[in-house]
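Structure first, commentary second.
This is a predicted model, so every value here is computed, not measured. Every chain is numbered from 1 and lettered A, B, ... according to where its sequence line falls, protein lines coming before strand lines.
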Amino acid sequence: MVDMGVKIGGLALANPVMPASGTFAEGLADVVDFNRLGAMVTKTITAELRSGNRVPRVAEISNGLLNSIGIPSKGLDYFLSETLPFYRQFASPLVVSISAPTADAFAVLAGRLQLPGIAAIEANISCPNIEEDGHAFAMSAASTSQVMRKLRAASSLPLWAKLTPNTGDVVAVARAAEDAGADALVVANTILAMSIDTETRRPTLGNIMGGLSGPAVKPIIVRMTYQCARAVAIPVIGCGGIADANDAVEFMLAGAAAVQVGTATFVEPHAMTQVIDGLAAYCARKGVGRVADLTGAVSDAGLRLGDTEVLP
Amino acid sequence: MVDMGVKIGGLALANPVMPASGTFAEGLADVVDFNRLGAMVTKTITAELRSGNRVPRVAEISNGLLNSIGIPSKGLDYFLSETLPFYRQFASPLVVSISAPTADAFAVLAGRLQLPGIAAIEANISCPNIEEDGHAFAMSAASTSQVMRKLRAASSLPLWAKLTPNTGDVVAVARAAEDAGADALVVANTILAMSIDTETRRPTLGNIMGGLSGPAVKPIIVRMTYQCARAVAIPVIGCGGIADANDAVEFMLAGAAAVQVGTATFVEPHAMTQVIDGLAAYCARKGVGRVADLTGAVSDAGLRLGDTEVLP
Amino acid sequence: MTAARTMAANTAGNALRLPGSGVDDVRALVLSNERVNDSYNLLVVEAPGPARNAVAGQFFHLQCPTTGEDAPYLRRPMSTYRADPQSGVVEFLYKVSGAGTRGLASLVAGDYLSMLGPLGVGFALEPDWRHIVVLGRGVGLATLAPLAEMAAARNIGVTAVISARDQDQVLSVPRFAAIGARIEIVLDSDGSSSVDHVERLLRRIHTEGHADAFFTCGSNRLMLLMQRLGDELGIAGQVAMEQQMACGLGMCHCCVRDFRVGGETVSRRVCWDGPVFPLAEATSW
Amino acid sequence: MTAARTMAANTAGNALRLPGSGVDDVRALVLSNERVNDSYNLLVVEAPGPARNAVAGQFFHLQCPTTGEDAPYLRRPMSTYRADPQSGVVEFLYKVSGAGTRGLASLVAGDYLSMLGPLGVGFALEPDWRHIVVLGRGVGLATLAPLAEMAAARNIGVTAVISARDQDQVLSVPRFAAIGARIEIVLDSDGSSSVDHVERLLRRIHTEGHADAFFTCGSNRLMLLMQRLGDELGIAGQVAMEQQMACGLGMCHCCVRDFRVGGETVSRRVCWDGPVFPLAEATSW
Ligand SMILES: Cc1cc2nc3c(=O)[nH]c(=O)nc-3n(C[C@H](O)[C@H](O)[C@H](O)COP(=O)(O)OP(=O)(O)OC[C@H]3O[C@@H](n4cnc5c(N)ncnc54)[C@H](O)[C@@H]3O)c2cc1C
Ligand SMILES: Cc1cc2nc3c(=O)[nH]c(=O)nc-3n(C[C@H](O)[C@H](O)[C@H](O)COP(=O)(O)OP(=O)(O)OC[C@H]3O[C@@H](n4cnc5c(N)ncnc54)[C@H](O)[C@@H]3O)c2cc1C
Ligand SMILES: Cc1cc2nc3c(=O)[nH]c(=O)nc-3n(C[C@H](O)[C@H](O)[C@H](O)COP(=O)(O)O)c2cc1C
Ligand SMILES: Cc1cc2nc3c(=O)[nH]c(=O)nc-3n(C[C@H](O)[C@H](O)[C@H](O)COP(=O)(O)O)c2cc1C
Ligand code: FES
Ligand code: FES
């Protein structure tokens with residue numbers, strides 16, 4: 001039997017697989033047993049009501065998805081009265097993803113979520129900071145540090161920082177989040193991208209630009225996971241293009257302590273449980289007793305020349 | 001007849017299609033007629049001899065390629081005595097891609113290339129700047145400005161700046177290059193990425209990390225092309241994942257005045273000439289008289305809801 | 001397992017819904033997949049679980065095969081054209097229009113199709129309705145045909161107004177005929193599908209006392225007409241809507257449309273809050 | 001068109017090479033594609049242009065089909081196992097080992113295969129050689145079989161030392177037999193493929209005066225042996241090498257290997273400077 005448990009800071013998870021924010025909601029419970037998940041992660045919520053972006057909000061590209069959903073939100077009160085009770089039915093720890101337009105508003109929102117049934121806060125600091133000209137907090141180490149410090153002061157729950165891959169220096173941002181008291185990093189949100197329909201000459205998204213996710217981004221986010229995991233001591237949760245157990249193993253070898261599955265669930269609703277089963281099977285086949293032993297176990301030597309020699 | 005000519009600053013090209021640096025060399029002349037190309041772009045050369053990175057130097061990923069070739073170079077003298085005479089056989093303008101470890105060395109190299117048969121210099125400022133801790137020049141507006149100013153002073157040839165997509169603020173870098181006197185921008189080089197073989201646990205590249213290219217990067221680079229083209233007045237040359245004429249149209253609509261085809265040539269050696277023929281066919285079909293009219297012709301309105309209505 | 005969701009049953013909040021509403025994720029055996037006319041195909045699969053649970057108006061999220069030319073990444077939503085609990089057969093009537101539907105068209109008998117569903121909120125019939133009017137065009141009829149059968153099973157009379165470009169494009173007539181529906185065909189080719197003409201037709205049906213409720217799908221123009229008449233004449237109505245979908249399960253919020261509810265504009269997810277909505281609340285698309 | 005490139009012809013610098021060296025980019029018709037034993041397949045295609053131009057040791061860059069499981073993105077290099085100018089037929093002998101070769105294995109007669117080539121530098125035979133020794137293992141023999149035929153056509157005698165795991169894995173014997181080569185089979189199963197034993201065999205062939213030149217492909221161990229013996233006995237040699245390739249045309253510099261030239265280590269591209277190299281300059285891989 002493979003020990004599938006992992007620890008994310010103080011939080012023990014039955015297995016390292018959870019949904020990515022915004023690709024998971026109540027409706028999936030009709031298809032997947034939420035009690036099998038390592039954790040449950042909500043769509044990002046905001047304190048205020050928000051309506052999200054113009055349609056079309058998604059566009060399919062080869063091997064991936066562009067989205068400009070935005071963060072439509074029914075607000076905190078709806079979340080507390082409707083969403084939270086729904087998730088309390090399940091044993092898996094609930095991680096609430098939050099966003100706010102300023103560091104102070106972030107802190108206020110986190111403070112109101114110190115409630116039974118909430119196991120951790122994921123701060124989606126990839127969203128625009130209105131005090132920084134709309135640049136996302138996680139674009140710079142300074143604004144990351146500022147918002148994470150305020151969050152840390154406002155909440156004693158485990159605090160995860162979800163980084164953006166659009167920054168030029170993800171390692172500096174990762175270190176800033178760690179220094180400011182984050183218990184874990186989620187690497188990463190979507191990559192800003194765009195596509196144009198050449199027949200109509202229109203952008204395929206109503207919002208013109210949107211976030212790229214799915215298999216297309218995997219090698220980029222594996223690289224960031226590797227870089228961040230070597231730069232910080234806190235756990236890194238890998239997120240970007242994971243569709244099967246092999247992808248999850250790749251992220252864990254690169255340094256991830258756990259993984260989030262996003263877009264893949266849209267294509268294959270059972271993707272998360274398939275990843276869990278496949279991880280256990282990989283460990284069993286490879287003689288790995290604890291799935292946690294995969295974390296960072298990449299051999300840095302690189303493949304050698306001889307590995308591709310054809311010998312019968 | 002569609003007018004296929006485009007102007008890149010002072011340089012007139014017979015058509016907007018050329019190779020991306022590092023994916024083109026003498027050997028392709030055995031298969032493709034170089035006189036059909038809008039321009040020829042050399043592999044990046046350096047003044048000194050360089051050996052490049054450890055093998056494996058490439059890894060195939062879904063819908064793309066990872067490479068860590070590095071810049072193996074036989075040095076400037078070899079280039080001048082062997083490579084340049086070869087390209088002088090052809091009528092298409094030759095663009096020489098150059099790199100150097102410091103801004104001054106860049107300028108010295110550019111100065112030595114003011115020669116007959118060289119139509120423009122492409123400064124590969126996506127390479128590490130040893131005076132900035134190995135960060136690429138094009139990671140920041142400041143070091144871009146510094147190197148481009150020195151290059152501008154050293155050469156009166158048209159000067160193209162090839163940007164890196166790994167920066168967090170490609171628009172600021174684009175503006176800095178323009179302000180420093182660049183005649184055009186090439187957007188962009190490869191995206192830093194990584195993959196791991198889960199059977200051997202080794203990175204698939206000898207160099208561990210490498211640059212991602214091919215279809216997987218297209219939506220990200222289309223977005224940067226769009227952003228840069230709106231931010232600067234000089235022409236933008238789009239480069240990233242272009243495999244067919246439709247991809248080229250997408251880049252041009254986003255704002256590119258010309259395009260470079262890289263990895264696609266490895267898969268389909270005639271990719272460039274197919275893109276040229278396909279661009280002409282697209283223009284003819286759409287009643288576009290001059291291919292240059294495609295540049296920036298995206299309708300910013302976004303697709304409307306009604307566009308997806310099912311009506312027989 | 002709770003019962004399938006219909007518009008009426010969906011008024012309860014999420015917190016009270018128990019997980020497990022009869023949504024299956026199955027690999028269904030393709031029994032046949034044939035052209036119906038030059039635009040439409042009929043796909044017949046064996047899927048006993050879904051065939052038992054699906055209600056008219058609900059849809060399935062289909063994983064469309066990759067072909068030589070196309071690699072559709074997301075699933076594609078398709079209405080339940082038929083779901084027969086006895087035979088375990090589910091049918092889809094679809095128009096080949098892009099990468100996904102081209103992929104569907106490549107399926108042959110003996111292949112397997114991953115299908116998730118039934119999903120969304122189906123049509124609801126009030127106990128006191130005796131006659132309903134269904135008005136549809138194109139693939140909209142794929143959504144309305146099983147509704148007519150559901151009505152017939154409850155002894156509710158059906159008048160089907162079928163709009164099409166020309167006689168060749170008319171779909172599903174035998175399905176409506178089989179349950180004894182009164183059928184009115186209106187065509188672009190002879191001008192009878194014009195809003196004016198259809199309006200006169202609907203008013204006549206109403207005058208005859210055969211319009212306790214209005215149902216429509218597949219045309220914005222006809223939906224607006226029915227909405228206006230329904231409002232004027234006090235006739236309840238339901239509309240099945242389409243919107244591009246990614247997850248199909250209410251998770252991603254890409255499939256939203258605007259609705260008018262008590263003077264306010266609210267955004268609803270077609271996959272989860274619909275695809276069937278109160279006609280009065282729909283807005284032009 | 002200039003003549004096909006061989007090792008001897010390739011000494012001229014690039015500046016002097018004219019474009020157009022007989023490299024074709026064709027869609028070849030697959031005539032057959034069958035298993036040879038449990039590891040190897042033989043692919044036969046009709047490609048008159050390439051069949052005319054290819055020289056032993058040169059290779060083709062094949063676009064391997066996408067299958068349900070695999071989507072090989074890059075082309076894969078394969079040696080010319082046969083190139084017959086008369087029939088216009090080109091053959092490849094390949095081992096199914098990963099995504100690309102699995103894709104190749106999916107081809108059936110009537111399919112088309114995009115192939116680029118012939119590429120690279122082939123084997124060269126000096127006019128004064130009377131007897132050559134070819135030593136190969138596995139798919140290395142795919143590269144050496146046409147060399148033996150080229151030698152026979154020039155009245156050069158061939159001794160073929162064929163190494164394999166066991167008798168079932170022995171490849172290409174009929175090809176060597178057909179040109180009257182002397183054939184020595186050495187096996188892992190009976191220990192005869194050991195370096196010691198093969199060394200004794202090569203020394204005997206040399207003593208008999210049948211080793212004017214050494215040729216090898218497919219085994220690092222045997223290449224090192226031949227290199228050492230060639231050096232000791234003053235026998236010229238050539239080795240065909242493999243390395244992962246992207247472009248196949250000398251553009252990308254991914255296929256480099258190290259060579260020892262006059263005491264210095266130099267890096268060469270297997271696709272462009274090779275795949276055939278002077279045996280004395282090769283280094284262990
Ligand atoms: C609830 C529901 C039920 C439907 N039932 C049927 C049916 O029974 N028969 C039928 O032929 N069609 C039906 N449709 C429409 C069908 O989903 C689209 O025709 C199909 O998705 C087109 O995909 P494509 O890849 O072939 O076309 P493309 O145009 O290449 O698709 C591009 C993208 O746009 C989306 N898209 C395009 N048209 C529509 C549309 N009308 N509605 C939603 N998304 C769209 C696709 O899903 C895809 O994401 C239904 C749609 C919905 C929402
Ligand atoms: C000049 C040359 C001639 C060759 N001739 C033959 C031949 O006649 N018969 C034959 O069976 N094989 C031959 N090979 C090896 C053949 O190219 C590989 O077996 C094939 O590329 C494996 O691809 P794959 O996707 O099936 O395997 P994978 O292992 O999935 O390939 C992964 C990657 O590694 C590369 N790779 C793996 N093994 C090799 C290898 N030995 N050499 C080069 N690249 C490799 C692939 O091209 C691909 O890029 C030759 C190689 C070269 C360089
Ligand atoms: C439709 C959609 C909506 C998303 N919404 C959110 C969100 O609300 N908050 C957030 O932090 N990330 C959001 N994301 C990003 C994902 O959580 C995840 O970081 C990203 O999709 C990469 O993972 P994937 O490739 O597995 O999808 C969203 C992604 C998608 C596709
Ligand atoms: C094998 C390889 C080598 C490359 N070498 C260089 C180089 O020397 N200089 C450079 O500026 N870009 C180099 N690039 C980047 C390409 O020029 C191009 O920017 C990138 O590949 C994106 O385009 P593509 O997706 O069309 O390949 C190289 C790319 C590849 C794949
Ligand atoms: S399709 Fe995802 S919410 Fe409707
Ligand atoms: S494969 Fe590109 S240089 Fe050899």
Side-chain angles (χ1 to χ4, degrees), chain A residues 19 21-35 43 50-74 78 81-90 204-206 210 213-216 262-270, chain C residues 1-2 4-5 12-27 53 61-64 66 70-76 98-100 114-120 243-258 264-273 285:
Chain A
S21 175
T23 65
F24 179 78
E26 295 89 328
L28 193 66
D30 291 350
V31 192
V32 172
D33 179 2
F34 285 7
N35 288 321
K43 169 83 182 164
R50 286 172 54 99
S51 60
N53 295 323
R54 309 182 42 180
V55 291
R57 290 180 170 183
V58 296
E60 186 173 287
I61 52 127
S62 80
N63 242 326
L65 183 70
L66 271 181
N67 91 77
S68 60
I69 305 292
I71 307 190
S73 170
K74 295 192 180 160
Y78 180 91
S81 67
E82 300 288 327
T83 314
L84 188 53
F86 176 83
Y87 286 114
R88 285 210 184 101
Q89 299 175 84
F90 305 100
T204 55
L205 294 178
S213 62
T263 312
T265 298
F266 298 169
V267 178
E268 179 46 78
H270 287 107
Chain C
M1 297 246 175
T2 63
R5 295 162 65 213
N14 279 325
L16 299 176
R17 287 190 61 235
L18 291 170
S21 67
V23 178
D24 272 325
D25 178 20
V26 298
R27 285 183 75 235
N53 292 325
H61 219 25
L62 308 185
Q63 196 150 46
C64 305
T66 292
D70 300 303
Y73 177 65
L74 297 172
R75 290 177 180 241
R76 301 291 193 264
S114 282
M115 52 187 265
L116 175 73
L119 298 173
Q243 178 59 294
Q244 190 191 21
M245 294 184 179
C247 72
L249 285 166
M251 303 192 288
C252 74
H253 293 261
C254 82
C255 62
V256 294
R257 287 196 182 272
D258 283 341
E264 269 182 77
T265 298
V266 301
S267 164
R268 286 176 176 161
R269 291 160 294 181
V270 171
C271 75
W272 184 253
D273 305 308
W285 69 83

Sorted by chain and residue number, the side chain to side chain donor-acceptor pair (under 3.5 Å) partners of A:N53 (sequence neighbours excluded) come out as none
Whether A:E60 and C:R75 form a salt bridge (side-chain N of Lys/Arg under 4.0 Å from carboxylate O of Asp/Glu) is what I want to check.
no
dist C:M245:CE -> A:F266:CZ (nearest 0.5 Å) comes out at 13.0 Å
When rounded to the nearest 0.5 Å, the distance separating OG of A:S73 from NE2 of C:H253 is 9.0 Å
Rounding to 0.5 Å, atoms OG (C:S267) and NZ (A:K74) come to a distance of 9.0 Å
Practice prompt. Determine whether C:V256 and A:R57 make a side-chain contact, defined as any pair of heavy atoms from C-beta on separated by less than 4.5 Å.
Written response: yes
Is the closest side-chain heavy-atom distance between C:M251 and A:T265 below 4.5 Å? yes
The interface call for C:A71 against chain A, heavy-atom contacts under 4.5 Å, is backbone
A:P215 side chain reached by C:Y73 side chain, heavy atoms, under 4.5 Å: yes
With a 4.5 Å limit on heavy-atom distance, are the side chains of C:L249 and A:E26 in contact?
no
Whatever's closer than 4.5 Å to a heavy atom in chain C on A:T23 counts as backbone
Residues at least two apart in sequence or cross-chain that pass side chain to side chain donor-acceptor pair (under 3.5 Å) with A:S213, listed by chain then number, are A:T263
Looking only at A:G64, A:P72, A:G22, A:G214, the option with the highest number of non-hydrogen pairs under 4.5 Å against chain C is A:G64
The reported gap from OG in A:S62 to CG in C:D70 (rounded to nearest 0.5 angstrom) is 12.0 Å
Ranking C:G250, C:C254, C:C255 by heavy-atom pairs under 4.5 Å to chain A gives rank one to C:C254
So, the part of C:L74 with a heavy atom under 4.5 Å from chain A: the answer is both
